[in-house]
Number of protein chains: 2
Amino acid sequence: MPRTIAERADVLPVLGELFRRHGYEGASLAVIAKATGLGKGSLYNFFPGGKEEMAAAVLTNVEEWFETNLFTPLFAVTDRVGAVAAVAAMVTAVDTYFRSGRRMCLVGVFALGDVRDPFADRIQGYFQRWIDGLAHALARCGHDPADARGIAEEVVAGIQGALVTARATDDPALFTRVLDRLRRRCGVPE
Amino acid sequence: MPRTIAERADVLPVLGELFRRHGYEGASLAVIAKATGLGKGSLYNFFPGGKEEMAAAVLTNVEEWFETNLFTPLFAVTDRVGAVAAVAAMVTAVDTYFRSGRRMCLVGVFALGDVRDPFADRIQGYFQRWIDGLAHALARCGHDPADARGIAEEVVAGIQGALVTARATDDPALFTRVLDRLRRRCGVPE
DNA sequence: CCCAGATTGTACCGTTCGGTCAACTTTGGA
DNA sequence: TCCAAAGTTGACCGAACGGTACAATCTGGG
């Protein structure tokens, strides 16, 4: 059997950055072909379903990363010390993942575009699971359970909004500043 | 001179809702023609510059509304009582304007799409002026000036994020809940 | 009533879109 | 070494894009 020059997994990060930067509609196949260095034929070899399968694959990639690095740890906490550490780790991971405000949230971008419709359930699940996981951890941090959910909604929404606002004002540092305030809102020091 | 059947001002709200719902790229001329009930000829009679002029006109409309109803009142405050009232009025106006989370922020949608480039300065100005005005009013509310700016960034970003998250989770009530928390963050009761 | 001119619907333009396909290149086992 | 299979390419397709041209229609002052 012939060996694959480029793996499907190799183009996923490139696709992700293109969708982040240009949105789903804005990332045309011509742009994708140029950025990946692959012809349209190769792209359809990797993604027979076309552009929508590319978006689905990238979305799966993002979901897995968040599930592994953020959601699962948040849900796994049992004691107060572990919960505080998990929330602190989440904030650090978020800052790293979004490159301190220089990277956009792919799920958020999809949520605002016309491509939302075919992925509505997955987009909803991403945010819901983030809020649920954070609310669970915050409750273990000692917050009143009802208030924990409110804080979780405020923090997840705040992260999204900080990304949008940082991009809109071309001021990535705004993301870091807001994220720092949200971290303190969770009662997590440092 | 002949009378205009439809005024240019009449189609602006329709254009606004289309851009909000579908984004700039997603709102094709065919969709716009159908939604407004106007042919392409009429649209180009109103907006000789085409789709980009439509977006620019809608953007101007939004800017003016926010300038009149939000930014100017925020900047105008001098005493503490007035400042608290202005911030409270802002929160109320925001909830009304965004239909309690059922309406998207047009500037935020533009900020994330490919159309951001030609409007980058206006998008930046919109958010910057909102943050500046709110920071000014919050300082008059009694907050430490440096902290007032931090709160303002957190609140404006939080509003944006709450809109995105509410749409993503198809849960408009989330917007109202987060907005209520942000209001209390400003130290404004009721 | 009438007509200059503003407004309108629509056929049409070139371009670009996502997607297809047959020819060509590369691959690894026989 | 050779070949069947897998991978790759770029020309090509119909559809839809934004935009233009223009003939038909409506308007209101004279």
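Below, chains carry the letters A, B, ... as their sequence lines are ordered, and counting in each starts from 1. Predicted model only: the values in this text are computed from it and were never measured.
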Considering heavy-atom distances to DNA chain C, does B/Gly37 or A/Gly49 have its closest nucleotide positioned more toward the 5' end? B/Gly37
Between [X] ([atom1]) and [N] ([atom2]), how many Å, whole number?
X       : N      : atom1 : atom2 : value
B/Asn45 : D/dC26 : CG    : C1'   : 13 Å
B/Glu52 : D/dG19 : CD    : P     : 8 Å
A/Met54 : C/dG18 : CE    : P     : 9 Å
A/Tyr44 : C/dC21 : OH    : P     : 12 Å
A/Glu25 : D/dA16 : CD    : C1'   : 14 Å
B/Leu38 : C/dG9  : CG    : P     : 6 Å
A/Asp10 : D/dT8  : CG    : P     : 11 Å
A/Glu7  : D/dG7  : CD    : C1'   : 12 Å

How about B/Tyr44 and B/Leu38: do any of their side-chain heavy atoms sit closer than 4.5 Å? no
Do B/Arg181 and A/Asp147 have side chains that get closer than 4.5 Å, going by heavy atoms? yes
Could you give the distance from CG (B/Asp95) to CG (B/Asp180), rounded to the nearest 0.5 Å? 9.5 Å
To the nearest 0.5 Å, atom OG of A/Ser28 lies from atom NE2 of A/His22 at 8.5 Å
Would you classify [X] as touching base, sugar-phosphate or nothing, given that sugar-phosphate means primed atoms plus P, OP1 and OP2, and contacts are heavy atoms under 4.0 Å?
X       : result
A/Gly39 : sugar-phosphate
A/Ser42 : base
B/Gly41 : base

Check if the side chain of A/Lys51 and the base of C/dG18 share a donor-acceptor pair of N or O atoms closer than 3.5 Å. no
Plane angle bin for B/Phe66 and B/Tyr97 - parallel if under 30°, tilted between 30 and 60°, otherwise perpendicular: perpendicular
Residue B/Ser28, side-chain heavy atoms: nucleotide from D/dC17, D/dG7, C/dG18 that is nearest: D/dC17
With the side chain of A/Leu29 defined as its heavy atoms from C-beta on, choose the nearest nucleotide among C/dG18, D/dT20, D/dC17. C/dG18
